[in-house]
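Following: one structure in structure tokens, then a few remarks.
Every chain is numbered from 1, with letters handed out A, B, ... down the list of sequences. Owing to the predicted nature of the structure, the values given are computational and were not obtained by experimental measurement.
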Amino acid sequence: MTPDEIREEILDILENIAPDEDLGDLDDGVAFVDQLELDSMDFLDIVMELRKRHRVQIPEEDYTELASMASTVAYLTPLMKDLQKA
Amino acid sequence: MPKDFLKGANDEYDVIVIGSGLAGMTSANILGRAGYSVLLLEQHYKLGGMATWFKRPGGHIFDVSLHGFPYGMIKSCRRYWSPEIAAAIVPLKNIRFDNPMFSLTTTYNRDDFTRLLTDRFDVAPATVKAFFDTARGMNFYDDQAMTTGQLFEQFFPGRQDVVRLLMEPIVYANGSTLEDPAITYGIVFSNFMSKGVYTFEGGTDRLIQMMEAELLANQVDVRIKCDVEKINLRQGRVASVTVNGRTIKARSVISNANLRATIFRLLGEEQLDRQFVDQAREVRLNNSSTQVYMALKPGETVDESTGDLLFSSTAREFRTDLLLNRDVTSRTYSFYYPRTRPDGRERTLLVSSTNAHFQDWSDLSDEEYQASKADLIETTLDAVETYVPNIRRRLAHVEASTPRTFRHYTQHVAGASFGTKFEGLAISRGLPEQVKGLYHAGSVGIIMSGWLGAINYGVIVANDVDSMLMAAATSAPASS
């Protein structure tokens with residue numbers, strides 16, 4: 001998957017996790033928690049969903065990499081580059 | 001011949017969950033839904049653990065721990081259970097305090113507490129805001145050096161009345177004290193303050209019934225009256241459990257038993273690293289409780305302005321050790337109005353809860369124990385009289401539970417009703433490093449306690465187990 005496709009995938013996951021949030025104005029460089037009402041369980045859901053959909057394993061010590069959209073995509077790009085978009 | 005409660009059970013599962021408290025059930029549900037074969041074993045004859053209820057003749061249903069969880073419960077139930085379960089979660093609007101320092105009713109959220117603290121307690125608005133922001137900014141991995149007492153002293157020096165308002169409900173919710181790490185207070189308090197206090201419409205019985213249906217729909221093999229005796233290892237890895245005379249293999253085991261019971265009773269310390277065992281032995285249990293359950297006669301009602309949750313105390317000052325004292329001065333009343341069970345019979349019930357030490361009840365002779373229980377009931381009825389006049393005449397049924405009752409039904413060490421203190425979290429999380437494939441999910445460290453804490457910890461552990469099982473499946477040929 002390309003970084004753009006990974007970003008789309010994260011957006012899709014976020015839409016399921018936070019159905020009441022408007023993701024259209026999301027600023028990729030700003031932390032999710034500063035613009036969305038996300039808590040630690042929401043981040044865990046992102047991790048679980050990525051494993052379910054793509055068998056991507058994110059160890060607990062790397063959860064901080066998921067702070068913003070930009071850092072998430074940068075972190076996932078090497079892990080998901082060989083995966084095909086579903 | 002005794003009934004075989006394991007009739008038809010397989011010889012092997014991907015996951016065996018020991019204990020059907022809210023954490024164990026949630027782990028089982030998530031892993032069952034993910035397609036793993038899951039066996040859920042409960043020693044009691046009904047599911048739920050401390051999330052439980054009991055019925056008495058005359059249509060009275062008593063809830064033991066239903067009242068008062070944070071809004072986050074809606075989200076967690078929607079995601080990890082079902083939209084139907086989430087839809088039954090409703091707010092409790094009248095949270096009431098009555099003690100020698102103050103008497104007030106609140107919706108128990110940040111807006112209303114800000115109003116109370118500034119208008120009524122005369123605290124500067126900037127201080128109130130700074131306190132809320134500090135509490136909300138706390139994370140469980142933060143520094144633990146500061147205690148809750150120190151946190152209060154920093155923002156509200158010398159203000160016992162403010163401390164009482166801020167602390168009393170949290171003591172009730174999870175047994176924490178002023179000496180516990182401030183983060184345990186800050187996280188739980190902020191969870192409540194975000195949107196107030198909630199309950200489950202239909203009662204605990206309906207919730208557990210819906211959860212059981214969901215577990216079965218997700219192919220979880222649910223078994224009651226199955227008391228696990230031993231967790232068996234092979235080459236440092238979890239291999240099976242011994243239950244009701246059978247040995248059932250598992251690729252992973254999640255224990256939702258009390259943390260100390262898991263390590264010292266089900267596993268055995270000889271299986272573990274010496275240092276880990278020493279640390280586990282140091283884990284302090286949380287306190288237990290006494291409760292008095294009162295059912296009013298059919299047709300007898302209580303005005304709802306009496307409160308949903310009422311924190312009452314006759315103690316002039318606020319000390320958490322007083323809350324645990326056998327000479328009870330503080331009681332928390334949960335009023336269950338007919339709307340608790342809209343489809344049930346119209347009944348009003350009242351549960352009085354007090355935190356208690358196990359050792360104050362454990363060493364009594366049978367005679368002393370019965371006398372103490374009777375005394376607990378009588379002194380409670382005297383105290384209730386203030387809020388429900390003529391309670392004795394209007395009563396259809398009354399009985400009491402003690403720390404011994406809690407131990408009897410849950411098998412928790414010392415009848416602990418809130419698991420362990422904060423240090424239990426590290427031991428719980430460290431267990432899989434000691435024994436591959438073995439996990440613990442249950443009330444540890446206050447944050448992971450209460451209904452929401454237990455469910456969320458069940459989610460966290462289910463995530464660990466899924467991750468481990470998937471890694472094992474990709475690194476080696478699948479076992480099935």
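Between Arg429(B) and Glu60(A), at least one side-chain nitrogen of the basic residue sits less than 4.0 Å from a carboxylate oxygen of the acidic one, meeting the salt-bridge criterion. Look at Asp39(A) and Lys75(B) and you find a salt bridge, because one of the NZ, NE, NH1 or NH2 atoms lies within 4.0 Å of a carboxylate O, short of that distance.
For the atom pair CE (Met48(A)) and CG (Asn463(B)), the distance works out to 5.5 Å, reported to the nearest 0.5 Å. The OH atom of Tyr457(B) sits 11.5 Å away from atom CE of Met41(A), with the distance rounded to the nearest 0.5 Å. Arg51(A) CZ to Ser467(B) OG: the interatomic distance, rounded to the nearest 0.5 Å, is 4.5 Å.
Asp42(A) touches chain B through backbone and side chain together, each having a heavy atom under 4.5 Å away. Contacts of Ile58(A) with chain B are absent, with no heavy-atom separation under 4.5 Å from either backbone or side chain.
Counting non-hydrogen atoms of neighbouring residues, nucleotides and ligands closer than 6.0 angstrom, the CZ atom of Arg55(A) reaches no more than 12 such neighbours. The number of heavy atoms from other shown groups lying within 6.0 Å of CD (Glu37(A)) does not exceed 12. Surrounding OH of Tyr71(B) are at most 12 heavy atoms belonging to other residues, nucleotides or ligands under 6.0 Å away. Atom CD of Glu61(A) is surrounded by more than 12 heavy atoms from other residues, nucleotides or ligands within 6.0 Å.
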(Q) Please evaluate residues Asn16(A) and Arg79(B) with respect to the criterion side-chain hydrogen bond (donor to acceptor under 3.5 Å, both in side chains), reporting the C-alpha separation (whole Å), side-chain torsions for both, the decisive distance (0.1 Å), and the verdict. (A) CA-CA 10 Å; Asn16(A) 288 323; Arg79(B) 276 194 214 149; over 6 Å; no
